[in-house]
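One structure below.
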Amino acid sequence: MSVRVRFAPSPTGYLHVGGLRTALYNYLFAKNQNGKFILRIEDTDRTRLVENSTQGLIEILNWAGIKYDEGPVVGGEYGPYVQSERLDIYNNHIKILINSGHAYYAFDTPEEIEQMRKMLQAKGLNPKYDRRTMKNQLTLSEDEVQRRVSSGEPYVVRLLVPDDHKIIFTDIIRGEVIVDSSEIDDQVLLKSDGYPTYHLANVVDDYSMKITHVIRGEEWLPSTPKHILLYQALGWELPKFAHLPLLLNKDRTKLSKRQGDVAVEDYRKKGYFKEAIVNFVALLGWNPSSDREIYDIQELIDSFKLEKVNKGGAVFDIEKLNWMNFQYLMKKDTKELAIQFKTILIDKGYPEFSNDYLEKVIKTHRERVTFLHQILDFCPYMFQKPEKFDKEYFEKYWKDYSLEILKELQIKYSKMDDFVHDNLHKVTLETASEKGLKLKDIIHPLRLVITGRSAGAGMFETMEILGKNECLTRIQHFIESYEKNKLVF
RNA sequence: GGCGCAUUCGUCUAGCGGUUAGGACGCCGGCCUCUCACGCCGGUAACACGGGUUCGAUUCCCGUAUGCGCUACCA
């Protein structure tokens with residue numbers, strides 16, 4: 001039987017990085033096994049729906065390169081893939097469960113249930129639904145039940161959980177898990193608004209969509225026995241289960257807002273590459289037992305093994321993500337980066353630079369930043385003349401002879417035919433020797449004049465990229481300002 | 001509270017009875033150097049605890065502790 005897995009988010013907001021990892025592991029497993037990856041939207045909670053979030057979910061998944069084989073928009077033979085469009089299917093199964101005695105109608109109001117729980121808690125008992133004392137199909141007469149249902153009185157349908165029954169299942173990641181059914185509440189399967197709960201919809205859909213492996217977050221581990229009861233009640237074969245460890249904050253609580261960004265979209269906006277996020281998140285809770293850290297998506301697919309997923313939660317460490325982003329910044333093709341960078345510049349209102357120029361700037365500066373967009377902050381002087389000059393740097397390196405040398409260089413540079421690194425180095429070094437100075441005695445003041453700052457790429461590389469005209473203009477401009485005592489710091 | 005799951009350097013992890021417990025991020029130091037970086041070299045730092053099993057436990061079993069999850073007409 002060919003592998004079929006699904007990612008089944010609720011459209012209640014943005015995709016969480018934990019959700020991204022769940023989706024990714026499903027995807028990696030499917031592709032590794034030559035199976036199908038399905039996207040299903042679980043929108044049965046009408047109160048938490050967030051408009052357009054399905055669209056956002058799909059968009060961010062596409063951005064990350066996690067393509068689904070079946071799901072909303074693309075369709076597939078087991079659709080529809082949105083639960084609110086499958087209500088008939090759930091209702092049919094509810095009827096089957098009621099008729100077979102595995103589920104029953106219940107008519108209690110929320111207040112009555114609340115009261116029951118309080119009473120049980122007061123007695124120190126488990127606040128489970130007490131099916132023997134509440135208003136339901138088991139305590140009411142058949143006629144009464146019929147009357148209430150057909151009169152349109154609100155009702156829910158609950159799963160009749162057997163007493164004292166050990167539920168044992170094997171989780172691919174965790175091994176054998178045993179839960180006693182007496183711990184399990186008579187779960188609501190159909191809500192009074194006519195929508196199914198997660199438990200029912202999930203089981204029915206997984207079965208009818210022929211899902212072979214249920215790969216989901218650890219928070220679902222405690223409800224897996226409920227699902228198994230449902231499979232058994234419906235006489236269905238169980239899928240295999242794999243419960244993924246949680247993603248954690250720095251303080252080891254479940255990853256949440258407040259302690260940093262959790263939406264994938266936030267990271268995208270900050271300038272993280274999708275390759276970095278996918279690579280990073282993939283290695284949170286799993287790795288191919290190798291010393292390598294950098295993997296492209298195909299390599300992840302090729303080496304992915306569910307059995308090798310860790311059991312313990314993993315802290316989302318932004319420092320390592322940053323390092324990984326840097327790795328991809330260094331690795332990526334500069335042509336592609338230049339195109340991206342161009343849009344960043346345009347957004348910030350800069351004039352258009354040639355791709356060739358941008359590529360050169362990127363090549364010489366990317367090793368100094370974490371994000372592509374930071375190049376602009378790091379070397380704004382590559383895109384506009386320096387307006388201010390670093391005072392500390394000036395005071396440290398500008399000597400009484402510096403102006404004289406600068407004027408000499410101005411003349412020498414202006415006579416150069418080939419304004420390239422090696423020639424600039426040669427000419428500048430000659431000047432230094434003539435004056436009995438070291439190269440760096442000249443380079444620092446020169447850097448100040450050309451860039452206004454103390455930090456930057458190699459001076460001669462920088463000058464070569466800026467070009468002869470631009471450099472001479474900047475030197476001239478500096479001399480004028482300096483002599484008029486109009487330098488701005 | 002009950003139930004479940006987990007526990008190797010600060011963090012991500014390798015390890016599947018015998019290892020000087022390895023790698024990566026971070027941090028610290030050095031080298032390189034025109035600055036800032038990159039890079040290179042080196043350092044720091046871990047098997048939660050207590051019992052077993054065994055010739056031998058990080059590894060297997062049982063407790064304890066701690067953490068997390070679930071305990072909804074939310075998923």
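Chain letters run A, B, ... following the sequence lines, proteins first and then strands; every chain starts at 1.
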With both distances kept under 3.5 Å, what pairs with [N], Watson-Crick or G-U wobble?
N	answer
B/rC73	none
B/rA21	none
B/rU64	B/rA48
B/rC31	B/rG39

With rounding to the closest Å, how many angstrom separate the [atom1] atoms on [N] and [M]?
N	M	atom1	answer
B/rU58	B/rC47	P	10 Å
B/rU11	B/rC32	P	36 Å
B/rC9	B/rC27	C1'	13 Å
B/rG67	B/rC60	P	24 Å
B/rG2	B/rC55	C1'	44 Å
B/rA14	B/rU33	P	40 Å
B/rU35	B/rG69	P	50 Å
B/rG63	B/rA24	P	39 Å

Do the side chain of [X] and the base of [N] come within less than 3.5 angstrom through a donor-acceptor pair of N or O atoms?
X	N	answer
A/Arg252	B/rC68	no
A/Arg447	B/rC34	yes
A/Ser192	B/rC73	yes

Measure from NZ or CZ of A/Lys332 to the centre of the six-membered ring of A/Phe273 and say whether it is under 6.0 Å with the direction within 45° of the ring axis.
-> yes
Counting side-chain heavy atoms from CB outward, which of [options] is closest to [X]?
X	options	answer
A/Asn287	B/rA14, B/rA72, B/rC36	B/rA14
A/Arg368	B/rU35, B/rG2, B/rU13	B/rU35
A/Phe326	B/rC34, B/rC38, B/rG23	B/rC38
A/Lys254	B/rC74, B/rC34, B/rC70	B/rC70

Just label B/rC38 as syn or anti from its O4'-C1'-N9-C4 or O4'-C1'-N1-C2 angle, using within 90° of 0 for syn.
-> syn
Take the protein atom [atom1] of [X] and the nucleotide atom [atom2] of [N], then report the distance between them rounded to whole Å.
X	N	atom1	atom2	value
A/Leu284	B/rA24	CG	C1'	13 Å
A/Glu183	B/rG69	CD	C1'	15 Å
A/Asp317	B/rC9	CG	P	14 Å
A/Asp251	B/rG10	CG	P	17 Å
A/Phe378	B/rC36	CZ	P	10 Å
A/Tyr105	B/rC73	OH	P	19 Å
A/Tyr393	B/rU35	OH	P	8 Å

If you pin A/Lys320 and A/Glu42 to their nearest nucleotides in RNA chain B, which one's is more 5'?
-> A/Lys320
Please check this pair: side chain of [X] against backbone of [Y], looking for a donor-acceptor N/O pair closer than 3.5 Å.
X	Y	result
A/Asp186	A/Arg158	no
A/Thr197	A/Val188	yes
A/Arg292	A/Ile294	yes
A/Lys191	A/Thr44	yes
A/Glu464	A/His421	yes

Is any side-chain nitrogen or oxygen of [X] closer than 4.0 Å to OP1 or OP2 of [N]?
X	N	result
A/Asn310	B/rU13	yes
A/Arg174	B/rG4	no
A/Arg216	B/rG69	no
A/Ser223	B/rU71	no

Sugar-phosphate, base or nothing in reach of A/Gly217, heavy atoms under 4.0 Å = nothing
Across the strands shown, which category fits A/Lys440 at heavy-atom distances under 4.0 angstrom: base, sugar-phosphate, nothing?
-> sugar-phosphate
From A/Leu284 atom CG to A/Lys320 atom NZ, the distance as rounded to the nearest 0.5 Å = 9.5 Å
Could you give the distance from NE2 (A/His227) to CG (A/Leu238), rounded to the nearest 0.5 Å?
-> 11.5 Å
